[in-house]
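The next block holds one structure in the form of structure tokens; read it before the comments.
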Amino acid sequence: EPEKVVYQGLIVEVVQQKMQEGDKQKVYEFARRSPGTRLIIVKDGKILLTKEFRPELKNWDFRLPGGKVFDSLAEYNAFLATGQDILNPAREAAIREAKEEVGIAPTQITHFATSACGATMRWDLYYFLISSFNTLGSQKLGQGENIETNWFSLEEAKSLALSGQMSEDRSAAVLLRYLHTRKERQSYEKQQA
């Protein structure tokens, strides 16, 4: 049965869908938000993080750079209706965010992970690893964006994620997973040499 949008705001909508559970039919309700993208940018054993003033925190926060895949719910819903793979527009958004928020043009970009928010809130974040890029020079920030970029050692990045100075917990977890898989891969390569 088709879903029914019962509320639509600027960035979130509430959706109801009838579901069959055994011999009973129930209404399943969830909130949906257009997905985002996050960037893991590495170079010479360092990782680029942003320091951004976040109004919802009323404070500065360390983050993986990133932004929206679609600018509006209407654009996202129109894309969903096509049935196409969302990884392509997510990759395009990652490249756009790298240029605007960080001032780089990726030459090697790989999908690393997708984080689903949960069953009742659908807000996926697509994480991309950028391991090669050209420097463009400067950021092209939008109105109201206050973002600084800084390079950190892998240990410093791990410390920021574990200490809570990176408040987006999903991104902190994915960053820690990246650091762990990188360490495991290096250990394996060392054993093979």
Side-chain angles (χ1 to χ4, degrees), residues 10-12 33-76 78-79 85-115 117 123-179 181-182:
L10 295 175
I11 62 169
V12 175
R33 177 184 169 158
S34 180
T37 185
R38 301 292 182 265
L39 312 174
I40 301 170
I41 304 169
V42 293
K43 182 180 180 181
D44 300 328
K46 293 192 172 202
I47 188 159
L48 188 138
L49 298 176
T50 61
K51 184 177 178 184
E52 180 175 349
F53 187 80
R54 299 298 302 180
E56 72 275 13
L57 300 173
K58 295 180 179 71
N59 205 349
W60 291 88
D61 189 31
F62 288 97
R63 302 192 143 224
L64 292 172
K68 296 181 268 184
V69 175
F70 299 99
D71 286 329
S72 69
L73 269 174
E75 189 181 344
Y76 176 46
F79 179 81
D85 185 356
I86 200 162
L87 207 52
N88 292 326
R91 180 184 315 277
E92 290 170 15
I95 291 168
R96 181 183 68 244
E97 290 297 331
K99 290 176 180 176
E100 293 173 3
E101 196 167 298
V102 182
I104 64 169
T107 55
Q108 187 172 358
I109 183 168
T110 309
H111 177 247
F112 177 73
T114 300
S115 172
C117 194
W123 177 37
D124 295 344
L125 292 178
Y126 294 88
Y127 292 83
F128 288 89
L129 174 62
I130 298 174
S131 52
S132 178
F133 57 86
N134 294 320
T135 302
L136 298 175
S138 63
Q139 299 165 296
K140 291 185 178 15
L141 300 176
Q143 185 176 359
E145 287 185 310
N146 193 349
I147 302 170
E148 300 171 9
T149 59
N150 294 291
W151 289 96
F152 294 90
S153 72
L154 301 180
E155 273 305 309
E156 289 170 326
K158 179 180 176 182
S159 177
L160 289 169
L162 289 172
S163 70
Q165 292 179 73
M166 181 180 278
S167 72
E168 190 174 67
D169 290 334
R170 290 198 284 168
S171 290
V174 171
L175 174 58
L176 292 171
R177 186 181 318 149
Y178 165 75
L179 294 171
T181 57
R182 179 184 170 106

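Worth knowing before you read on, the calculation uses all heavy atoms, side chains too, and leaves out hydrogens, waters and symmetry mates.
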Just distance, no hydrogens or angles: give the donor-acceptor pairs under 3.5 Å from side chains in residues 108-115, sequence neighbours left out.
unit_1 : atom_1 : unit_2 : atom_2 : d
H111   : NE2    : A113   : O      : 3.1
H111   : NE2    : T114   : OG1    : 2.8
S115   : OG     : R170   : NH1    : 3.4

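In this structure, I47 and I40 have side chains that are in contact, with non-hydrogen atoms separated by less than 4.5 Å. Using a 4.5 Å heavy-atom cutoff, the side chains of F133 and I41 are in contact. You'll find the side chain of R63 stays beyond 4.5 Å of the side chain of L49, heavy atoms only. Side-chain contact between K46 and L154 is absent, with no heavy atoms from C-beta onward closer than 4.5 Å. Taking the side chain as every heavy atom from C-beta outward, E101 and I147 approach each other to under 4.5 Å. Within the 4.5 Å cutoff, the side chain of I11 has no heavy atoms near those of the L73 side chain. Side-chain contact between L87 and Y126 is present, with at least one heavy-atom pair separated by less than 4.5 Å.
Of all non-hydrogen atoms in C117 and D124, the two that sit nearest each other are N-OD1, 4.2 Å. Summarising the geometry of V69 relative to T37, their closest heavy-atom pair is CG2-N, 4.2 Å, with the distance given to 0.1 Å. Considering all non-hydrogen atoms of both residues, M166 and D169 come closest at O-OD1, 4.3 Å. Summarising the geometry of S163 relative to Q165, their closest heavy-atom pair is OG-NE2, 3.0 Å, with the distance given to 0.1 Å. G66 approaches E97 most closely through the heavy-atom pair O-OE1, 3.3 Å. Taking both residues in full, the closest heavy atoms of F70 and P35 are given as CD1-CD, 4.2 Å, listed atom of the first, atom of the second, then distance.
Salt-bridge check for E168 with R38: passed, with a basic side-chain N closer than 4.0 Å to an acidic carboxylate O.
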With side chain to side chain contact (heavy atoms under 4.5 Å, CB included) as the test, would you mind laying out the steps for N59 and R54 before giving the verdict? CA-CA 6 Å; N59 205 349; R54 299 298 302 180; over 6 Å; no

Begin with the C-alpha distance, continue with both residues' side-chain angles, and end with the deciding distance and a verdict on ring pair (Phe, Tyr, Trp, His ring centres under 6.0 Å) for Y127 and Y178. CA-CA 10 Å; Y127 292 83; Y178 165 75; over 10 Å; no

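For the pair K51 and W60, the distance from NZ or CZ to the six-membered ring centre is under 6.0 Å and the angle to the ring normal is within 45 degrees.
With no hydrogens or angles considered, a side-chain donor-acceptor pair links T107 and S132 at under 3.5 Å.
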